[in-house]
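Single-structure report; data block below.
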Amino acid sequence: MKLWRGGRLATLAGDSGWGLIDDGALLVDGGQLRWVGPSAEAPPADEVVELHGALVTPGLVDCHTHLVYGGNRANEFEQRLHGASYADIAKAGGGIRSTVAATRAATEAELLTGAAKRALALAREGVTTLEVKSGYGLDAATEARMLRVARQLTGVDVRTTYLAAHALPPEFADADAYIAAVCDWLPALHAQGLVDAVDAFCEHIAFSPAQVRRVFDAAKALGLPVKLHAEQLSDQGGAQLAAGYRALSCDHLEFVSPAGVQAMAEAGTVAVLLPGAFYALRETQLPPIAALREAGVRIALATDHNPGSSPTLSPLLMLNMACVLFRLTPEEALRGLTVNGARALGLRDRGQLVAGQRADFCVWDAGHPRELAACFGHNPLTERVFQGVS
């Protein structure tokens, strides 16, 4: 057993508050936290690590990424600066379809090399759990290749999400026919152990609520949980639809209605906010933070890393953006990238520094956890412990 002692612990225990323990200690054994409390009360251990007053938080959970892909879309950044909208670019064959072409052309080894570099960048800012979506293949072979690559990433705990219902591929003229294919591919991928959850893009430039329902029914038949890209560009009623399936999360939510918020609250569905995409697309419609708070909906944050609308690999920047752009408090933001991010993945064994949780935590050169959100453009991480190993 290994004891880490003498740190300022932001345990995030309970549903609110930092859960600060000054001069605190953590006892780690077998990749789990066995004891957490004041250093003066710590049990004996085989090995002791002195933290010298450093800040300790749970490991960060990035619960929404598109980490596996080929190519890049920096040209679209310029197009948006010249006035093109996200929808305009998509309709012209850019956006997701552009990445689909590059991803289909990439080998599995090439995809793994790129994704591994991105995962390492996230880990270097404290990420210990990572969700990775498919959705840049849009055919059976490439979707499977993306999911296999995600499963091969090391140094982080990876959850994989099937997002074939992301866009209509060029070889399909009919969206209903494509959705039938998406549903047909799912059982084989699930049987291969490649799918932890199922997602879809419910939007006027993507798929209708009726089409999403077919995908969710296919997931439900296999016992797979669902998530949804919902209400990013318009209100499609996606939040209500997803809540009807007790979705793990609805993500983006700039245009979610009061009815959608209430449905999420009743279903226990987490709201995943993605300030990187909001910033990069220069959106002006803010997610209804006050309504989410009032309804008691848990709020998570994620990088939404992708090559087009959120090409960031900085979860720390997301903390700052969530506070500055969305007016979250620093505590809400950190909970969004820890315990609530874990809940958005259906995980309850991480995100807080309490006995029984995974021994995933970060040591920071900071005096208070609010500093992680207040400062940007630098990385104060000094040590990252993953499953008890630094």
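For the single chain, residues carry numbers from 1 onward in sequence order.
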Exercise. Between the side chain of Arg335 and the main-chain N/O of Gly17, is any donor-acceptor distance below 3.5 Å?
Worked result: yes
For this session: Please indicate whether Arg104 has more than 12 foreign heavy atoms, meaning atoms of other residues, nucleotides or ligands, lying under 6.0 Å from its CZ.
Result: yes
Problem set entry | Partner of His229 by ring pair (Phe, Tyr, Trp, His ring centres under 6.0 Å), out of Phe255, Phe201, Phe207 | Phe201
Problem set entry | Arg350 versus Thr128, side-chain donor and acceptor atoms under 3.5 Å | no
For this session: Quick one: do His64 and Ser249 satisfy side-chain contact (heavy atoms from CB on, under 4.5 Å)? Show the steps, please.
Result: CA-CA 10 Å; His64 180 133; Ser249 71; over 6 Å; no
Exercise. Taking the side chain as C-beta and beyond, is there a heavy-atom pair between Leu122 and Val156 under 4.5 Å?
Worked result: no
For this session: Please confirm whether the backbone N or O of Ala295 pairs with a side-chain atom of Gln262, one donor and one acceptor, at under 3.5 Å?
Result: no
For this session: Take Tyr162 and Trp185 through the test ring pair (Phe, Tyr, Trp, His ring centres under 6.0 Å) and record every step on the way to the result.
Result: CA-CA 10 Å; Tyr162 177 62; Trp185 301 333; 7.4 Å; no
Exercise. In this structure, are over 12 heavy atoms from other groups packed under 6.0 Å from Glu171 atom CD?
Worked result: yes
Problem set entry | salt bridge (Lys or Arg N to Asp or Glu O under 4.0 Å) partner of Glu108, the single match among Arg145, Arg151, Arg148 | Arg148
For this session: Kindly say whether Ala247 contributes a backbone atom to a donor-acceptor pair with the side chain of Thr269 at under 3.5 angstrom?
Result: yes
Seminar exercise, completed: So CG of Leu60 and CG of Leu337: to nearest 0.5 Å the spacing works out to 5.5 Å
Problem set entry | Asp304 and Lys133 ion-paired at < 4.0 Å | no
Problem set entry | Polar side-chain atom of Glu231 near backbone of Gly238 as donor-acceptor pair, under 3.5 Å | yes
Problem set entry | Heavy-atom side-chain contact between Pro330 and Pro369 under 4.5 Å | no
Exercise. Of the non-hydrogen atoms in Phe216 and Ala200, which two are nearest, and what is the gap between them?
Worked result: CE1-CB, 4.4 Å
For this session: Evaluate the side-chain contact (heavy atoms from CB on, under 4.5 Å) criterion for residues Trp18 and Leu334: first the C-alpha distance (whole Å), next the side-chain angles of each, then the deciding distance (0.1 Å), finally the verdict.
Result: CA-CA 9 Å; Trp18 293 110; Leu334 186 58; 3.7 Å; yes
For this session: Mark yes or no for whether Arg348, through its side chain, and Ala342, through its backbone, hold a donor-acceptor pair below 3.5 Å.
Result: no
Problem set entry | Non-hydrogen side-chain atoms of Glu125 and Leu381 separated by less than 4.5 Å | no
For this session: Flag the pair Val127 / Val61 as yes when at least one side-chain heavy-atom distance between them is below 4.5 Å, and no otherwise.
Result: no
For this session: For the residue pair Phe326 and Glu332, establish whether any side-chain heavy-atom pair is separated by less than 4.5 Å.
Result: no
Exercise. Any donor and acceptor pair, going by atom type alone, linking the side chain of His66 with main-chain N or O of His305 inside 3.5 Å?
Worked result: no
For this session: Verify side-chain hydrogen bond (donor to acceptor under 3.5 Å, both in side chains) between Arg73 and Thr99, making sure each step is shown before the conclusion.
Result: CA-CA 8 Å; Arg73 300 197 334 243; Thr99 299; 2.8 Å; yes
Exercise. Rounded to the nearest 0.5 Å, how far apart are CZ of Phe278 and NE2 of His252?
Worked result: 12.5 Å
Problem set entry | Neighbour count above 12 (heavy atom, 6.0 Å) for Arg246 CZ | no
Exercise. Transitively linked via ILVMFWY side-chain contacts under 4.5 Å: Tyr245 with Val261?
Worked result: yes
Exercise. Is the closest side-chain donor-acceptor distance between Thr11 and Gln352 under 3.5 Å?
Worked result: no
Exercise. Among the clusters formed by ILVMFWY side chains lying less than 4.5 Å apart, do Tyr136 and Leu189 turn up in the same one?
Worked result: yes
Exercise. Are there more than 12 heavy atoms of other residues, nucleotides or ligands under 6.0 Å from atom CZ of Arg5?
Worked result: no
Exercise. Within the distance-only criterion (no hydrogens, no angle test), does the side chain of Glu203 pair as donor or acceptor with the backbone N or O of Leu233 below 3.5 angstrom?
Worked result: yes
Exercise. Where is the tightest heavy-atom contact between Leu112 and Val149, given as atom of each residue plus distance?
Worked result: CA-CG1, 3.6 Å
Exercise. Quick one: does Asp139's side chain get under 4.5 Å of Pro169's, heavy atoms only?
Worked result: no
Exercise. Which atom names give the shortest non-hydrogen contact between Gln211 and Ala175, and what distance separates them?
Worked result: NE2-CB, 3.5 Å
For this session: State plainly whether one hydrophobic cluster holds both Ile299 and Leu286, where clusters connect Ile, Leu, Val, Met, Phe, Trp and Tyr through side-chain heavy atoms under 4.5 angstrom apart.
Result: yes
Exercise. What's the shortest heavy-atom distance between Leu163 and Ser134, and which atoms?
Worked result: N-OG, 2.9 Å
Exercise. Leu147 versus Gln192: any side-chain heavy-atom pair under 4.5 Å?
Worked result: no
Exercise. Can we say Arg8 and Glu371 salt-bridge, meaning some charged N sits less than 4.0 Å from an Asp/Glu carboxylate O?
Worked result: no
For this session: May I ask you to test the His166-Val100 pair for a side-chain heavy-atom distance under 4.5 Å?
Result: no
Exercise. Going from CG on Leu26 to CG on Leu51, what distance comes out if it is rounded to the nearest 0.5 angstrom?
Worked result: 7.5 Å
Exercise. Should we count OH of Tyr279 as having more than 12 external heavy atoms under 6.0 Å?
Worked result: no
For this session: Report the distance from atom CD of Glu143 to atom CG of Leu138, rounding to the nearest 0.5 Å.
Result: 5.5 Å
For this session: Could you walk me through whether Asp176 and Arg214 pass the side-chain contact (heavy atoms from CB on, under 4.5 Å) test, one step at a time?
Result: CA-CA 10 Å; Asp176 285 325; Arg214 292 167 59 192; 3.4 Å; yes
Exercise. Should Lys2 and Glu47 count as an ion pair when the cut-off is N to O under 4.0 Å?
Worked result: yes
For this session: Show your reasoning for whether side-chain contact (heavy atoms from CB on, under 4.5 Å) applies to Thr103 and Leu111.
Result: CA-CA 8 Å; Thr103 303; Leu111 291 176; 4.1 Å; yes
For this session: Measure the NE2-CG distance between His378 and Asp365 for me, rounded to the nearest 0.5 Å.
Result: 9.0 Å
For this session: Tell me whether Leu130 is reachable from Leu317 by hopping between hydrophobic residues (I, L, V, M, F, W, Y) whose side-chain heavy atoms are closer than 4.5 Å.
Result: yes
Seminar exercise, completed: Heavy-atom closest pair (Val158 atom, Asp196 atom, distance to 0.1 Å) is O-OD2, 4.2 Å
Exercise. Does Ala74 offer a backbone N or O that forms a donor-acceptor pair with the side chain of Glu78 under 3.5 Å?
Worked result: no
Problem set entry | Stacked cation flag Arg118 on Tyr69, 6.0 angstrom / 45 deg | yes
Exercise. Sub-3.5 Å donor-acceptor pair from the side chain of Arg282 to the main-chain atoms of Arg80, do we have one?
Worked result: yes
Problem set entry | Interatomic spacing from CZ in Arg343 to SG in Cys63 - rounded to 0.5 Å | 13.0 Å
Problem set entry | Single-linkage hydrophobic cluster, 4.5 Å side-chain cutoff, Leu328 and Leu316 together | yes
Exercise. Should Asp15 and Arg298 count as an ion pair when the cut-off is N to O under 4.0 Å?
Worked result: yes
Exercise. Strictly by modelled atom types, are Ser39 and Asp23 linked by a side-chain donor-acceptor pair under 3.5 Å?
Worked result: yes
Problem set entry | Phe376 atom CZ, neighbour heavy-atom count above 12 within 6.0 Å | no
Problem set entry | Non-hydrogen atoms of Ala230 and Cys250 that approach each other most closely | CB-CB, 4.2 Å
Problem set entry | Donor-acceptor contact present, side-chain Asp46 to main-chain Met1, <3.5 Å | yes
